[in-house]
Participant: 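Structure in structure tokens, see below.
In what follows, chains are A, B, ... by sequence order, proteins preceding strands, each numbered from 1.
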There are 2 protein chains.
Amino acid sequence: MPHRYFTTEISNGTATLRGADAHHLSRVMRGKLGDTVILCDGNAVEYTATITGFGPETVEFSVEPGYPSAAEPSVEVTLFVGYPKQDKLEQVIRHGVELGCTHFVPFFSRYCVAAPKKEEQKNERYNRIAFEAAKQCGRGVLPDVALPLPNFGALCRSLEGYDLVLFCYELGGAPLRQLLADAKPADGQRLKIALITGAEGGFAAEEAEMAANAGVKTVGLGPRILRCETAPLAVLSAVMTLTGNLE
Amino acid sequence: MPHRYFTTEISNGTATLRGADAHHLSRVMRGKLGDTVILCDGNAVEYTATITGFGPETVEFSVEPGYPSAAEPSVEVTLFVGYPKQDKLEQVIRHGVELGCTHFVPFFSRYCVAAPKKEEQKNERYNRIAFEAAKQCGRGVLPDVALPLPNFGALCRSLEGYDLVLFCYELGGAPLRQLLADAKPADGQRLKIALITGAEGGFAAEEAEMAANAGVKTVGLGPRILRCETAPLAVLSAVMTLTGNLE
């Protein structure tokens with residue numbers, strides 16, 4: 001399988017790769033004139049590209065007409081993830097990207113054990129992890145990680161524009177397949193789904209009430225208690241399975 | 001929610017807890033006469049139990065009639081997991097137990113990067129991790145971890161007695177929902193499913209051929225390339241979703 005790189009510099013049948021990726025292709029992979037790679041514009045369009053030249057820090061290509069990336073799911077998922085302890089958020093981002101999640105929004109909530117600390121620096125790191133995961137697993141877009149929301153109220157005010165908002169609550173709720181079957185996307189659009197999962201401490205009763213008032217659907221993930229780093233991956237896998245995006 | 005403990009010493013309306021769990025209940029939780037806990041026999045039967053006495057290293061209970069554990073899925077899943085590097089096998093076991101897996105069988109294969117080393121010692125640790133995860137997530141049975149199989153041939157000779165054996169192959173296969181819909185359990189039994197996922201290096205072509213000759217069904221997990229620690233959790237979540245065990 002040819003290597004894949006993201007670049008936005010694709011136009012008129014040519015393309016350019018810069019920076020670390022250009023270095024990787026020319027020095028590490030020892031790419032040669034005439035070699036073929038896949039370029040992705042980060043907007044779900046991919047191109048078969050042939051190396052036509054090397055600059056000091058660039059690689060130049062001629063590209064064939066683009067085609068839609070096969071790896072993008074038919075649903076656009078945003079994961080609102082309760083900020084967990086240690087490096088668990090990195091795990092959730094890494095594996096979530098593989099499972100087709102497009103946007104990550106960490107949030108703090110009443111029972112969070114983690115507290116905000118150097119979040120701008122950490123956010124750079126989280127986005128780098130998402131980028132690397134997207135390259136490795138073959139995504140057609142670059143998933144992004146937002147700066148964390150300060151509390152659950154801020155989360156509830158961020159839920160506009162989704163076709164379905166699912167609140168994964170430890171006390172249970174409706175089956176996911178029923179909620180998904182009832183959801184309809186806007187005309188000609190992908191179904192936009194928001195998933196909300198909690199941190200180690202779970203949700204306070206008043207947070208569950210705030211979520212209900214914000215119009216979310218409460219979903220149950222079965223009788224076993226899932227850890228805060230397992231629940232996002234389980235519900236992402238379930239959503240992708242039920243929408244035909246894990247087959 | 002009352003605390004839960006596993007014990008096999010339950011008979012004639014009484015029960016005994018020993019060792020670390022007895023210490024935990026009497027010293028850490030400061031249990032008192034008349035307090036109620038849930039005891040589970042590790043065989044998917046649970047009991048509401050009332051503390052009737054404390055010995056030097058035991059706790060004694062009177063128990064009400066048992067009832068089936070609500071947390072056990074309706075399918076019995078064995079995960080054959082390619083032996084990964086670092087501590088990834090521990091992650092797979094921990095999260096796999098939460099997702100309802102009952103048996104774990106690590107195996108070495110052609111492209112495994114990990115090599116066997118002190119496996120008996122490690123196996124004790126893996127079983128302890130499974131035990132702790134089972135307690136924490138509320139399982140009704142104690143999932144077990146086998147000693148690793150030395151190669152893929154040994155795996156192919158271990159596939160008797162399952163209603164469905166699914167080989168998760170990076171080159172794709174049939175959709176999981178179709179394969180599951182076609183599977184039927186033996187009369188009055190739970191559906192017994194074996195899942196096979198690879199290590200970092202994936203499978204060699206001749207291993208895929210051996211699997212096919214052993215009668216497995218090859219299943220695809222979508223167009224994104226899943227890491228070796230993500231694939232088991234994705235396919236477990238998918239199986240549990242499609243069999244109604246993640247709702």
Participant: Could you look at B:R139 and say if it's the side chain, the backbone, both or neither that has a heavy atom under 4.5 Å from chain A?
Facilitator: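 It is the side chain, since no backbone atom gets that close.
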Participant: Give a yes or no answer on whether the side chain of B:N43 reaches the backbone of B:V45 with a donor-acceptor pair at less than 3.5 Å.
Facilitator: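 Here the side-chain-to-backbone pair does not exist.
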Participant: Mind checking side-chain hydrogen bond (donor to acceptor under 3.5 Å, both in side chains) for A:Y169 and listing every partner two or more places apart, or none if nothing turns up?
Facilitator: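 In terms of side-chain hydrogen bond (donor to acceptor under 3.5 Å, both in side chains), with neighbours along the sequence ignored, A:Y169 is linked to no residue.
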Participant: Taking every non-hydrogen pair under 4.5 Å, which of A:A174, A:S69, A:G220, A:A71 racks up the most with chain B?
Facilitator: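 With the most close heavy-atom pairs to chain B, the winner is A:A71.
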Participant: Let's test your reading of the structure: which of B:P73, B:A133, B:G172, B:G140 forms the most heavy-atom pairs below 4.5 Å with chain A?
Facilitator: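 With the most close heavy-atom pairs to chain A, the winner is B:P73.
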Participant: Between B:E200 and B:K85, does any NZ, NE, NH1 or NH2 come within less than 4.0 Å of an OD or OE carboxylate oxygen?
Facilitator: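 No, this pair does not count.
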Participant: Below 4.5 Å, heavy-atom pairs only: which of B:L99, B:L176, B:L233, B:L242 has the largest tally toward chain A?
Facilitator: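 Among the listed options, the one with the most contacts to chain A is B:L99.
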Participant: Heavy-atom cut-off 4.5 Å, strictly under: side chain, backbone, both or neither for B:E229 against chain A?
Facilitator: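 Side chain only.
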Participant: Please classify the contact of B:L236 with chain A as side chain, backbone, both or neither, using a heavy-atom distance under 4.5 Å.
Facilitator: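 Neither the backbone nor the side chain of B:L236 comes within 4.5 Å of chain A.
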Participant: Taking A:R224 first and then B:E72, would you say they form a salt bridge - that is, a charged N and a carboxylate O separated by under 4.0 Å?
Facilitator: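 No, this pair does not count.
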Participant: Please confirm whether B:F61 and B:Y47 have ring centers closer than 6.0 angstrom.
Facilitator: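 They do not qualify: ring centres at least 6.0 Å apart.
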Participant: What I want to find out is whether B:D21 reaches B:K135 closely enough, with some N-O distance under 4.0 Å, to be called a salt bridge.
Facilitator: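 Yes, B:D21 and B:K135 are salt-bridged.
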Participant: Answer with side chain, backbone, both or neither: which region of A:Q178 has an atom nearer than 4.5 Å to a non-hydrogen atom of chain B?
Facilitator: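 For A:Q178, there is no contact with chain B at all, as no heavy atom is under 4.5 Å.
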Participant: Of the backbone (N, CA, C, O) and the side chain (C-beta and beyond), which part of B:V97 lies under 4.5 Å from a heavy atom of chain A, both, or neither?
Facilitator: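 Contact with chain A is through the backbone of B:V97 alone.
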Participant: Looking at side-chain heavy atoms only, is the closest gap between A:V75 and A:R190 below 4.5 Å?
Facilitator: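 Not touching, per the 4.5 Å side-chain cut-off.
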Participant: Could you check which of B:R177, B:M240, B:R94, B:Q91 has the highest count of heavy-atom pairs closer than 4.5 Å to chain A?
Facilitator: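 Max contact count across the listed options: B:R177.
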